[in-house]
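Sequence lines set the chain letters: A, B, ... in the order given, protein chains first and strands last, and positions in each chain run from 1.
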Amino acid sequence: ETGVTQSPTHLIKTRGQQVTLRCSSQSGHNTVSWYQQALGQGPQFIFQYYREEENGRGNFPPRFSGLQFPNYSSELNVNALELDDSALYLCASRSPWDRELFFGEGSRLTVL
Amino acid sequence: KNQVEQSPQSLIILEGKNCTLQCNYTVSPFSNLRWYKQDTGRGPVSLTIMTFSENTKSNGRYTATLDADTKQSSLHITASQLSDSASYICVVSNNDMRFGAGTRLTVKP
């Protein structure tokens with residue numbers, strides 16, 4: 001167990017809908033990053049939050065947005081869902097003193 | 001072109017055998033290289049982290065090597081077990097993290 005929890009574990013949406021995925025980071029970890037992993041591929045970096053501010057972003061459109069809360073938990077929001085958004089969404093947290101990333105088990109999103 | 005290339009894409013070995021997975025990268029400069037194990041449908045779990053000045057790191061039956069001059073890393077698994085069946089992902093970090101597509105390892109009895 002990494003201490004990083006994600007919810008929901010699975011969900012199904014239709015094209016055009018919006019989705020919110022949630023992540024609780026490991027205690028003391030103030031940096032949270034989100035990744036999209038398509039089937040058979042490696043994770044792709046979406047963005048990172050540090051102390052409630054986005055401080056890094058990958059090559060994803062603005063309809064992918066996020067939040068980090070004072071307790072360092074985080075949300076990933078995706079608007080106007082497309083079929084290609086179907087993937088495993090992973091959250092990872094890190095402490096300020098450690099290079100190690102701890103991943104959650106992911107949220108499996110299916111867009112129909 | 002991905003900046004982190006892994007080979008082979010998939011590999012099948014018999015239980016008890018050794019194997020070596022490869023990672024070539026073009027990310028430069030880089031601060032560290034990591035190997036993760038990812039079971040199907042689960043989150044990745046860290047195996048090793050190496051900085052550019054380290055050329056080998058072990059974690060039980062897993063040994064990672066790094067040649068920063070040729071920008072190559074390998075992950076060697078000794079005496080494989082059925083539970084080693086998973087995807088193994090190489091990640092190279094600079095200002096951000098670049099993930100390889102992974103090698104899918106299947107260990108058969």
Q. Same cluster or not: are B/Ile77 and B/Met50 linked, directly or through other Ile, Leu, Val, Met, Phe, Trp or Tyr residues, by side-chain heavy atoms under 4.5 angstrom apart?
A. yes
Q) Tell me, side chain or backbone of B/Gln6 under 4.5 Å from chain A's heavy atoms, or both, or neither? A) neither
Q.
Heavy-atom cut-off 4.5 Å, strictly under: side chain, backbone, both or neither for B/Arg34 against chain A?
A. side chain
Q. Looking at B/Gly102, B/Ser87, B/Gly43, which one has more heavy-atom pairs under 4.5 Å with chain A than the rest?
A. B/Gly43
Q.
Please identify, among B/Cys90, B/Ser93, B/Ser46, the residue contributing the most non-hydrogen atom pairs under 4.5 Å to chain A.
A. B/Ser46
Q | Interchain contact, A/Phe102 with chain B, by part (heavy-atom threshold 4.5 Å) | A | neither
Q | Which portion of A/Gln37 sits near chain B, non-hydrogen atoms under 4.5 angstrom | A | side chain
Q. Does a side-chain heavy-atom distance below 4.5 Å link B/Ile89 with A/Pro43?
A. yes
Is the number of heavy atoms from other residues, nucleotides or ligands within 6.0 Å of [atom1] ([X]) greater than 12?
| X | atom1 | answer |
| --- | --- | --- |
| A/Asn59 | CG | no |
| A/Leu83 | CG | yes |
| A/Arg57 | CZ | yes |
| B/Phe52 | CZ | no |
| B/Arg61 | CZ | yes |

Q) A/Glu105 side chain to B/Arg42 main-chain N or O, any donor-acceptor pair under 3.5 Å? A) no
**Q.** B/Tyr36/A/Leu101 under side-chain contact (heavy atoms from CB on, under 4.5 Å): CA gap, chis, key distance, verdict
**A.** CA-CA 10 Å; B/Tyr36 284 89; A/Leu101 269 186; 3.3 Å; yes
Q) Rounded to the nearest 0.5 Å, how far apart are CD of A/Gln44 and CZ of B/Arg98? A) 9.0 Å
**Q.** Aromatic ring proximity A/Phe45/B/Phe99, centre distance under 6.0 Å
**A.** no
Q. Most heavy-atom pairs under 4.5 angstrom with chain B, which of A/Glu100, A/Gln6, A/Gln48?
A. A/Glu100
